[in-house]
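See structure below.
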Amino acid sequence: MDSEMITKDEEMEEAAPQKAEEEKKSIIVILVGAPGSGKSTFSEDVMKTSSRSWVRVCQDTIANGKTGTKAQCLKKATDALNDGKSVFIDRCNLDREQRSEFLKLGSPHVDVHAVVLDLPARLCISRSVKRTGHEGNLQGGKAAAVVNRMLQKKELPKLNEGFSRITFCLNEKDVEEAVKTYGALGPFDTLPSGSFGQKNPDAKVQLGIMKFMKKVDPPNSCCKDPVSKQESKETNPSSKEQDVVAFSAQNTDKNIKADGNSRERSAAGSATTNDIPTLAFPSISTADFQFNHEKASDIIIQKVEEFLDKIGNGRLVLVDLTSGSRILNLVKVKAEQKNIDSSKFFTFVGDITQLYTKGGLHCNVIANAANWRLKPRGGGVNAAIFNAAGPALEIATKEAAGDAGCIQPGSALTVPLPSTSQLHKREGVTHVIHVLGPNMNPQRPDCLNNDYDKGCKILREAYSSLFEGFASIVRTKEFNKDPSKTVSTVPSSLIDQRSKREGVFDLDSNKKYKGPKVEVGVEKKSESTEKFTGDGTAKSWESWAQSLHRIAMDPEKYNKDVLEISDDVVVLNDLYPKAQKHLLVVARKDGLDRLTDVRVEHLPLLRTMHNAGVKWATKLISDEPSLVFRLGYHSDPSMRQLHLHVVSQDFNSTHLKNKKHWNTFNTAFFLDSVDVIEEIEKCGKAKLNDNERLMSVELRCNKCRSAHPNIPRLKSHISRCRAPFPSDLLQNGRLVVAPNGSGVEA
DNA sequence: GTTCTAGAAC
DNA sequence: GTTCTAGAAC
């Protein structure tokens with residue numbers, strides 16, 4: 001009996017390992033989820049019920065209860081698998097790269113599974129906060145920031161990474177199911193391969209991910225009950241409405257005043273508040289431009305207080321993507337201290353491009369922290385808004401920016417958003433106001449090098465411009481008359497405005513183009529004219545170069561395009577102005593094509609041209625005293641017919657595009673009218689310079705003479721350079737300035 | 001003069 | 001990958 005028993009036992013002992021090698025497969029379950037998604041709880045729950053031998057490898061506690069390294073996790077997992085145990089990898093594993101090394105642990109004897117705890121971010125955040133045991137704002141903010149950051153980078157696992165099975169859990173119920181499934185696994189059980197639980201496969205998954213990633217999470221420490229709200233939302237499949245309500249209600253909590261108007265504020269998403277004109281704006285300059293948050297928050301409060309009376313029934317809302325935002329919290333506290341009416345101004349956590357659909361907050365107007373070129377590039381709010389609005393915003397912006405094509409620090413540009421834009425259709429945004437704030441980031445253009453006197457001044461100007469722009473929209477829009485206008489309905493006024501403007505624009509260019517150009521084309525061959533260069537060689541004027549000559553010979557024909565016609569000169573706006581104001585005074589004398597043709601006998605004409613130029617410059621200065629003009633000739637002009645440039649020295653124009661454009665106005669290629677006259681008086685003819693060389697010299701600021709690597713950088717610089725003009729320009733009447741000299745002050 | 005665009009530069 | 005320049009065509 002005994003021996004039999006022993007034999008049996010021995011047999012069993014021998015047989016068991018054999019069987020294990022043949023049939024028993026270990027499983028490594030890579031848990032995927034943000035902090036607070038419940039990874040640890042999941043593995044613990046499984047281990048409680050499972051008859052299988054599990055090892056939980058938790059990076060947070062692997063080093064004697066403290067956070068360890070990935071390498072430590074890999075080692076512990078390898079050891080456990082070698083022991084024939086199954087393993088939970090309890091770390092976030094949110095991106096493919098993080099998972100890849102654990103996937104390598106798979107083998108014919110080890111199945112690699114993923115369990116994705118893809119629960120709502122707000123749930124993760126609230127759990128995360130609870131776990132830290134801190135209720136403070138900071139802690140909550142930190143947790144939110146961490147979770148948000150991780151979810152930004154989230155890449156859901158795919159079978160082709162090497163998983164034999166992936167289980168997606170999108171809510172608590174899914175998690176329970178998965179716990180049951182894994183908990184029921186005996187030592188020899190396996191689970192079917194494949195991907196389970198993901199709601200929208202393939203393309204739609206990506207959409208879902210995108211939506212989820214963009215979803216903004218409410219505050220945590222200041223919202224004690226997001227969990228219950230989230231859960232109630234999940235049990236109710238028609239979640240959209242719930243989402244909005246819950247979000248608004250939560251948002252109320254972090255509004256500035258906890259008393260009084262909470263009802264009104266919590267109803268942010270309801271129809272009744274849609275007709276309240278609302279400006280949502282990001283904090284200007286505090287992100288990429290690295291402006292000091294304390295100073296910025298003071299300025300925001302100051303400007304909000306100043307403008308609250310000026311915006312009628314409108315509201316101002318400071319928006320930031322995360323509840324951990326320092327600037328948001330600073331402003332919130334300061335607004336509370338100042339007792340600012342929280343129904344008129346409050347802070348809001350959300351994506352500024354999805355305030356209505358995701359946050360239930362209807363904002364007719366949103367501000368964009370733009371770059372100086374008003375380009376959709378870069379990151380942050382600017383890219384997000386251009387992206388969400390689509391090409392319509394780019395076109396509308398270009399149109400609104402006009403010739404300048406860019407904005408200066410401290411200024412704002414209101415752009416009506418075409419109804420074709422998604423942002424208009426979906427979010428009810430009718431206007432975008434681009435704002436450019438001061439920059440303190442040495443990596444970005446126009447860095448103020450910590451000059452906060454200047455910086456604060458510019459930031460104040462920026463908010464003034466922004467709020468003024470909004471106030472002006474409020475004044476003209478009369479929001480309350482027709483609430484239906486504001487959401488998803490195309491304001492007809494907008495379309496009219498746009499098409500009208502386009503019409504004007506087209507008409508303008510047609511006018512200017514067709515007049516001279518068409519005729520020039522017709523007469524091109526019969527009228528090709530010789531052009532004598534400085535060294536006496538001749539070349540013919542190309543067809544495109546003859547427009548000025550044509551106008552000078554027959555100005556009445558171009559009546560609409562010219563500003564002034566006299567016996568001697570014609571004054572007109574340059575078709576492609578290189579500055580805010582750029583006029584041409586064209587000599588009417590035939591045969592006087594360029595400066596080399598000018599002799600002593602033309603001196604009276606040159607003086608007449610100069611005087612006409614000064615007269616027009618003075619007139620323009622009386623309208624805009626900050627303008628400063630310089631009058632002069634190009635050494636080697638492209639256009640036939642002697643013409644004097646009258647150009648304002650801001651060089652703020654989209655038409656100034658390349659090195660040649662700059663250098664023709666800002667090197668010795670540009671001959672001041674006063675000097676030309678003096679030279680001809682003295683020597684009988686104008687002295688010309690080495691034009692080829694001058695065109696390729698480095699780009700230097702016309703004021704401080706600093707060098708810049710390319711045109712965009714140069715333009716960025718000159719838009720803010722406050723240096724005085726170089727002394728040579730200040731002499732001999734080379735500049736025409738306002739009587740009080742306002743344009744040349746340092 | 002401008003526009004267009006290839007490819008250099010970043 | 002994007003920005004910017006520079007050369008050709010008009």
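Here is the naming used below: chain letters follow the sequence lines, and residue numbers restart at 1 for every chain.
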Does [X] have a side-chain nitrogen or oxygen under 4.0 Å from the phosphate oxygens OP1 or OP2 of [N]?
{"X": "A/H634", "N": "B/dG1", "answer": "yes"}
{"X": "A/R373", "N": "C/dC4", "answer": "yes"}
{"X": "A/H661", "N": "B/dG1", "answer": "no"}
{"X": "A/K657", "N": "B/dT3", "answer": "yes"}

Grab the [atom1]-[atom2] distance between [X] and [N] for me, whole Å please.
{"X": "A/M695", "N": "C/dT5", "atom1": "CE", "atom2": "P", "result": "15 Å"}
{"X": "A/K375", "N": "C/dG1", "atom1": "NZ", "atom2": "C1'", "result": "15 Å"}
{"X": "A/H708", "N": "C/dT5", "atom1": "NE2", "atom2": "P", "result": "13 Å"}
{"X": "A/R594", "N": "B/dG1", "atom1": "CZ", "atom2": "C1'", "result": "14 Å"}
{"X": "A/N658", "N": "B/dC4", "atom1": "CG", "atom2": "P", "result": "15 Å"}
{"X": "A/M639", "N": "B/dT2", "atom1": "CE", "atom2": "P", "result": "9 Å"}
{"X": "A/N371", "N": "C/dT3", "atom1": "CG", "atom2": "P", "result": "10 Å"}
{"X": "A/W544", "N": "C/dA9", "atom1": "CH2", "atom2": "C1'", "result": "11 Å"}

With rounding to the nearest 0.5 Å, note down the distance linking CG in A/D351 to OG1 in A/T322.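 Here the interatomic distance stands at 12.0 Å.
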Mind checking if A/K578 touches a base, just sugar-phosphate, or nothing, with heavy atoms under 4.0 Å?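 Touches sugar-phosphate only.
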Within the 4.0 Å heavy-atom criterion, would you say A/N710 contacts the bases, only the backbone, or no part of the nucleic acid?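 It contacts sugar-phosphate atoms only.
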If you only use heavy atoms from C-beta on, which nucleotide in [options] is closest to the side chain of [X]?
{"X": "A/Y576", "options": "B/dT2, C/dC4, C/dA6", "result": "B/dT2"}
{"X": "A/P712", "options": "C/dC4, B/dG1, C/dA6", "result": "C/dC4"}
{"X": "A/S638", "options": "C/dA6, C/dT5, B/dG1", "result": "B/dG1"}

Closer than 4.0 angstrom, basic N to acidic O: yes or no for A/K615 and A/E564?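 Yes.
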For [X] and [Y], does a side-chain donor sit closer than 3.5 Å to a side-chain acceptor?
{"X": "A/D590", "Y": "A/H549", "answer": "yes"}
{"X": "A/S648", "Y": "A/D650", "answer": "yes"}
{"X": "A/S653", "Y": "A/H582", "answer": "no"}

